[in-house]
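Here the structure comes first, spelled out in C-alpha cells, and everything after it is commentary.
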Amino acid sequence: MSHNDDEFYVGYLPEAPAGIAAHVKRSILLILLLAAGVAGALAALQSPFDPGAFEFGIDRTFEGVLLEHPYPLLVVDDGEYPGSHLLVAFGKFGAESLTAGHDGKRVRITGSRIWNDQEQMIEVHELEPLGDARQSLAGGMELGTFSFTGEIVDSKCHLGVMKPGRGKPHKACAILCIRGGVPPVLRVESESGELSYLFLVDEQGNAVNDRVLEMIAEPVEIHGEVERRGDVLTLRADPASYKLL
Amino acid sequence: MSAGYQAVLWNRQKKRYDLTILAGILLYIGLFVGLGAALRPEATPETLIIRAFGTLALLMLHVILSVGPLARLDRRFLPLLYNRRHLGVSMFLCALVHGAFSMIQFHALGDVNPLVSLLAGNPQYASISAFPFQTLGFVALGILFLMAATSHDFWLANLSAPVWKALHMLVYVAYLLLVLHVALGILQTERNLVLIGLLVGGFGWIVTLHLVAGFREKPGDAPHRGDVIDGYLHACAVADIKDKRARIVCISGERVAIFRNGDTISAVSNACQHQNGPLGEGRIVDGCITCPWHGYQYEPETGASPPPFTEKIPTFNVRVVSGEVYVDPEPNPAGQRAEPAPIRGSS
Ligand code: HEM
Ligand code: FES
C-alpha cells in the first residue's frame, strides 16, 4: 500500500493530515454505498407476505347471531360485511370471556375488522345483547375425512394483524395468542399457492388451544373430518394424532 | 489523561463523524423502509422497522469489528478507530429499536410478562429449527448495552484496564450470538439468498481480516537475538530509526519501543496505558511520544504523561555504541527517568 508514511493522525487536533483525510473520506463513501446496496437488496428481496389486513383504531358495529362453540363466531346476516366473523379480544387473547352466556343470541358488537380474502374476524371492544330470544342456526355440514399438511398459526395475527403472521419469527407470538384463547387454525397452501384455513377442534368438537402449543409454526400433518359451519371450515381430530413432519 | 477523562475531545472532526453516522443511519432506514413499503405494500410498518433496524445494527457491527484489523493493516484507517466509540453507541441504539419493537410486537399484550414470553414462551431450546432465537438476540443486546454504557474512559479507569478489555472482548460473543440469532430465526422461515450470502460473507470477512491482521503482527513477536554488552542487548542500528519515530523490538518477552528524538535515543514499553495501543507506531509530537490510537502522550525520558495527566509507562535504559542501539532488558519502574542516549555518544 503506497501512501505517505510521514503523515500521523492525532484525533484531538483540529484537522487530519491531507492524505489520511482523503483516505478516510473514500472509505466512508464506500461504506455508505455498501450500506445503501445492502438496504436496497434486503428490502427488495423480502418474501411476499400472506394477504390480510387489520383496521387498527377503526371501530365498526356489527349485528348478528353469536355462536360460542367451538370458537366464538358472529354470523352477520346483513349490513356492509355479511357472513361469519370469528371473534377475538384485544391483545393476544380470545373472546370467550366476552361472549360467555350469549350462545345462540342476537348481539351487537363494536370492534375492529381483521380479514383476508378467505376469512373475516372482529377484535371485540364492546358486546351488547339484543333481546333474549335464541335463534337456531342450521347445523354444520360434514364434508368428509381428509389429510392435510400445513402450519398451525394463530388466526388473529395470521389474518392480518402481523406480517409475517406465521413461521419461525412469529412462533413465540403464536404460542402466546393460542394459549390466550385465539382460535388455532391450520394454514394449508396448495401447490398453486392458494391458501385455505381449517379451524382445529378435537373429536368432541371442542377447542384444542392448550393441546397444540408444541406444534405451532412447524410443519404438521393432520387427518380428520372436515365440517362447514357458516363460512368457516373446522377440522375434527384428536390433537394427539397430529404428526410433526 | 485521567484528569477529567478528556482523552477524546470534541472538535470539528468529531462533529463531522457524528453527522456522517447520523446521515448513514437515516439513509439506510429510509431506503429500507421506503423500498420495502413500495414493493411490499402489504407489509406492516412495524415489520419494516424491525427488519430495517435489525439488519442495520448488524451491518454497523461488521464495520465496527473491521476497523481494528484494518487499522493494523493500513494506518490510514486509524481515524476510524479513534472515532469508533460513537459508532458503537449508535449501533447499540439501532439494535435497541429493533429489540424493543420485536418485544412489543411479538411478546407484549399476552398472558405473561413479555420477558417471560421472550425467554420461555417457546421452550424448544433442544431443537435447532425451533430454537427460541430471540433469547440469543436478547443476550447479545445485553452485552451491547454493557459495552455502550461503559464505553466512556471514566469506566476504563474505574473498572481497571484488564476488566474493561475483557468486557469489551465480549463483543465477539455478541457477534456470534447474532449470527445464530439470524440463522436460527428468520432464515428458518425465509430462505432469503441475499441475507444468507451477506451473513456468511460477513462472517468470512471478519474472520479473514482478523487472521490476516494477526498474522502480520506475528514477526514482531519473535524474541530479538543480538550481541550483549555489559548486560545490554543489541536492538537495532540508529540508522534504522527515523527521527521522531520508533522501532519495536521484542526484549525478554516484552515489546519495547525505541524512539529517536532528534539527537537522542529513548526506550519505553510499547504498550499504551490507555488501551494497550502500540506506542512504537506512534510519533514524537511536541516532544512527547504520542499513541497512534487515541493520542495519549508520554515524555520519552520518563514515560510519564505531561501534567495534568498521570499515566506512566516503564522506561528502559539505553546506550548507543558505534551507531548501534543497546537496551537494558530490565525495565525501570513506570515513570522512572532513564537518561536518553546521545546518538553520537560513545564510539
Ligand atoms: C431483545 C432482543 C431481540 C429480540 C426480541 C429480537 C427479535 C427478532 C425477531 C422477532 C426477528 C424476526 C423478525 C422478522 O423478520 O419478522 C429478528 C430478526 C433479526 N434480528 Fe433480532 N432481536 C433482538 C436483538 C437483536 C440484536 C441485538 C440484533 C443486532 C444487533 C438483531 C439483529 C437481527 C437481524 C439482523 C435480524 C434478521 C432480519 C429480520 O428479520 O429482521 N436482533 N429479531
Ligand atoms: S491512546 Fe488509547 S491506546 Fe493509546
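Letters go in sequence order (proteins before strands), and every chain restarts at 1. Note: hydrogens, waters and symmetry copies are ignored here, and every other heavy atom, side chains too, is used.
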*Could you walk me through whether Leu109(B) and Phe93(A) pass the side chain to side chain contact (heavy atoms under 4.5 Å, CB included) test, one step at a time?*
CA-CA 8 Å; Leu109(B) 298 178; Phe93(A) 293 101; 5.8 Å; no

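Contact count against chain A (heavy-atom pairs under 4.5 Å) is highest for Glu190(B) among Lys242(B), Glu190(B), Gln124(B). Ranked by heavy-atom pairs shorter than 4.5 Å toward chain B, the options Leu13(A), Val161(A), Val10(A), Leu213(A) are led by Leu13(A).
Contact annotation for Glu46(B): neither backbone nor side-chain heavy atoms come within less than 4.5 Å of a heavy atom of chain A. The contact between Gln46(A) and chain B is made by backbone and side chain atoms together, counting heavy-atom distances below 4.5 Å. Neither the backbone nor the side chain of Val33(B) comes within contact range of chain A, judged by heavy atoms closer than 4.5 Å. Both the backbone and the side chain of Thr290(B) have a heavy atom closer than 4.5 Å to some heavy atom of chain A. For a residue to count as touching a neighbouring chain, one of its non-hydrogen atoms must lie under 4.5 Å from one of that chain's; by this rule Leu32(A) touches chain B with backbone and side chain alike. Only the backbone of Ala108(B) comes within contact range of chain A, judged by heavy atoms closer than 4.5 Å. Interface remark: Leu59(B) contributes side-chain atoms only to the contact with chain A (heavy atom separation under 4.5 Å). For Ile29(B), no part sits under 4.5 Å from any heavy atom of chain A, backbone or side chain. Ser47(A) touches chain B through backbone and side chain together, each having a heavy atom under 4.5 Å away. Residue Leu198(B) touches chain A through its side chain alone, counting heavy-atom pairs closer than 4.5 Å. For chain A, the nearby parts of Arg283(B) are the backbone and the side chain; heavy atoms of each come within less than 4.5 Å. Interface remark: Arg191(B) contributes no atoms to any contact with chain A (heavy atom separation under 4.5 Å). Heavy atoms of Pro164(A) lying under 4.5 Å from chain B belong to its backbone as well as its side chain.
To the nearest 0.5 Å, atoms CD1 (Ile31(A)) and NE2 (His62(B)) are separated by 13.0 Å. Distance CZ/Arg75(B) to CD1/Ile20(A): 7.5 Å, rounded to 0.5 Å. Atoms OH and CG, from Tyr9(A) and Leu81(B) in turn, are 9.5 Å apart once rounded to the nearest 0.5 Å.
Considering all non-hydrogen atoms of both residues, Lys171(A) and Ala130(B) come closest at NZ-CB, 3.8 Å. Minimum heavy-atom separation, Ala43(B) to Phe49(A): CB-CE1, 3.5 Å.
Aromatic rings from Phe77(B) and His23(A) are positioned such that their centres are separated by under 6.0 Å.
Judged by distance alone, with hydrogens and angles left aside, the side-chain atoms of Lys168(A) form no donor-acceptor pair with the main-chain N or O of Leu187(B) at under 3.5 Å. With hydrogens and angles ignored, the 3.5 Å screen pairs a side-chain donor or acceptor of Asn192(B) with a backbone N or O of Leu45(A). Panel note: side chain Tyr12(A), backbone Gly295(B); a donor-acceptor pair is recorded below 3.5 Å.
We find that Asp111(B) and Arg179(A) are joined by a salt bridge, their nearest charged nitrogen and carboxylate oxygen being less than 4.0 Å apart. In this structure, Glu15(A) does not pair ionically with Lys14(B), as no charged nitrogen and carboxylate oxygen lie closer than 4.0 Å.
Looking at Thr20(B), Ile21(B), Val63(B) one by one, the single match for side chain to side chain contact (heavy atoms under 4.5 Å, CB included) with Ile28(A) turns out to be Thr20(B).
No more than 12 heavy-atom neighbours from other residues, nucleotides or ligands sit within 6.0 angstrom of CD on Glu126(A).
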